[in-house]
Amino acid sequence: LGMAAPAALQRSVVSPAGRHTASLIFLHGSGDTGQGARAWIKQILNQDMAFQHIKVIYPTAPARPYTPMKGAFSTVWFDRYKISNDCPEHIESIDSMCRGLTDLINDEIKNGIAKNRILIGGFSMGGGMAMHLAYRFHQDLAGVFALSSFLNKDSAVYQALKRNESVLPELFQCHGTADELVLYSWGEETNQMLKSLGVSTSLHTFPNLNHELSRTEIEKLKTWIVKKLPVEAAKTN
């Protein structure tokens, strides 16, 4: 790990209306930004995804050369050899970003938020990144969500969970059956693999939804978020 610390990630933040007792980190899809993901959700809901007690953080991935775009620079969480579930993972770039996102988690902990009051997830590549971060390095987070996302067949996440004994964060997954970029079957296979490795999972299927977000999906996600991060955690030390 002898690398210079990555620069702090830029982030767009929706502050809680009341007392901040929990945090949510939402990771955008490839080529997007934190502001872009926030604006997209705001457009779908006609308002920000906001909560009384939960701070919502939309970080932006640093621009890097992205192989599926012939090496052009893109704001992606990690590189991929190709957009397929049937090739090796670009583990070096994934692990480097896990370090940067760990800094973001630690910032929340420094602000007095308990680790089991932090949720992480995202759309497409952002959901894949969140699964790596939580299931390999931060198994004490409150939960993980993955919208239109997948893991490669021999993912490092699966390898890590094969050796795992502890209780794992619950996974909330959504996927459209008409997705032409990240096939529904890839999402379904990811869900079944994680379930077989001891993760408590749910998979919400959206007929006719392509590689996009829907209002029903975000409303379901919001309900799950508040269930995982209820308004007032009882004070336990």
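For the numbers below, each heavy atom of this structure counts, side chains included, while hydrogens, waters and symmetry mates do not.
- With rounding to the nearest 0.5 angstrom, the CG atom of N111 is 11.0 Å from the CG atom of N106.
- Although no hydrogens or angles enter the test, the distance criterion places no donor-acceptor pair under 3.5 Å between the side chain of E189 and the main chain of K153.
- Side-chain contact between M49 and L24 is present, with heavy atoms from C-beta onward closer than 4.5 Å.
- Between the side chain of Q35 and the main chain of T33, no donor-acceptor pair closer than 3.5 Å is present.
- Side-chain atoms of T190 and S149, non-hydrogen and from C-beta on, never get closer than 4.5 Å to each other.
- Remark: of the listed residues I225, I25, L141, I225 is the sole one forming a side-chain contact (heavy atoms from CB on, under 4.5 Å) with L119.
- L161 has its side chain within reach of Q139: a pair of non-hydrogen atoms, C-beta onward, lies under 4.5 Å apart.
- Here the CD-OG1 distance, from Q192 to T201, works out to 8.5 Å after rounding to the nearest 0.5 Å.
- Applying the ring pair (Phe, Tyr, Trp, His ring centres under 6.0 Å) test to every pair with at least one member in residues 165-200, sequence neighbours left out, gives these pairs: F150-W186, F172-H204, F172-W224, H175-Y184.
- Using a 4.5 Å cut-off on side-chain heavy atoms (C-beta onward), S200 and L168 make no contact.
- Closest approach of T21 and V231 over heavy atoms only: OG1-O, 3.5 Å.
- Between the CG atom in L133 and the OH atom in Y135 there is a gap of 11.5 Å [rounded to 0.5 Å].
- Under the 4.5 Å side-chain heavy-atom criterion for ILVMFWY residues, no single connected hydrophobic cluster contains both I94 and Y158.
- Nearest heavy-atom pair across S148 and E212 is OG-O, 3.9 Å.
- At distances below 3.5 Å, not a single donor-acceptor pair connects side-chain atoms of H20 with backbone N or O atoms of I113.
- Under the 4.5 Å side-chain criterion, counting only non-hydrogen atoms from C-beta, N116 is not in contact with P169.
- The two residues W77 and T60 have their closest heavy-atom pair at CH2-C, 3.7 Å.
- E108 has no carboxylate O lying under 4.0 Å from a charged side-chain N of R117, or vice versa, which leaves the two without a salt bridge.
- Looking at T102, its side chain does come within 3.5 Å of a backbone N or O of C98 through a donor-acceptor pair.
- At least one donor-acceptor pair under 3.5 Å links the side chain of R11 to the backbone N or O of L9.
- Atom OG1 of T67 sits about 12.0 Å away from atom CZ of F78, to the nearest 0.5 Å.
- No path of Ile, Leu, Val, Met, Phe, Trp and Tyr side chains, each step under 4.5 Å between heavy atoms, connects I105 with V144, placing them in separate hydrophobic clusters.
- Checked against the 6.0 Å centroid threshold, F26 and F123 do not count as a close aromatic pair.
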Residue pair N191, M193: steps toward the side chain to side chain contact (heavy atoms under 4.5 Å, CB included) verdict: CA-CA 6 Å; N191 191 280; M193 272 299 290; over 6 Å; no
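- In plain terms, the two heavy atoms of A156 and I91 that are nearest each other are CB-CD1, 3.6 Å.
- Taking both residues in full, the closest heavy atoms of T177 and N208 are given as OG1-N, 3.2 Å, listed atom of the first, atom of the second, then distance.
- At distances below 3.5 Å, not a single donor-acceptor pair connects side-chain atoms of D154 with backbone N or O atoms of P88.
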Side chain to side chain contact (heavy atoms under 4.5 Å, CB included) between L194 and V157, worked out: CA-CA 9 Å; L194 290 170; V157 173; 3.9 Å; yes
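- Looking only at side-chain heavy atoms (C-beta outward), L197 and N164 stay at 4.5 Å or farther from each other.
- The shortest side-chain heavy-atom distance between V14 and R38 falls under the 4.5 Å cut-off.
- Figure legend: cation-pi geometry between K222 and F51, with NZ or CZ positioned under 6.0 Å from the six-membered ring centre and within 45° of its axis.
- Shown here for G121 and A130, the closest heavy-atom pair between the two residues is CA-CB, 3.6 Å.
- With hydrophobic clusters built from ILVMFWY side chains whose heavy atoms lie under 4.5 angstrom apart, I218 does not share a cluster with L209.
- Side-chain contact between K227 and E170 is present, with at least one heavy-atom pair separated by less than 4.5 Å.
- Cluster membership check: L203 does not share its hydrophobic cluster with L171, using side-chain heavy-atom separations under 4.5 Å among Ile, Leu, Val, Met, Phe, Trp and Tyr.
- To the nearest 0.5 Å, the span separating CZ on F137 from NE2 on H132 amounts to 9.0 Å.
- Put simply, Y58 and F145 are part of the same group of oily side chains (I, L, V, M, F, W, Y) that touch within less than 4.5 Å, one to the next.
- One N or O on the side chain of T75 and one on the backbone of D32 form a donor-acceptor pair closer than 3.5 Å.
- Of the possible polar contacts, one joining the S84 side chain to the D86 backbone as a donor-acceptor pair under 3.5 Å is found.
- We find the NE2-CG distance between H90 and N152 to be 12.0 Å, quoted to the nearest 0.5 Å.
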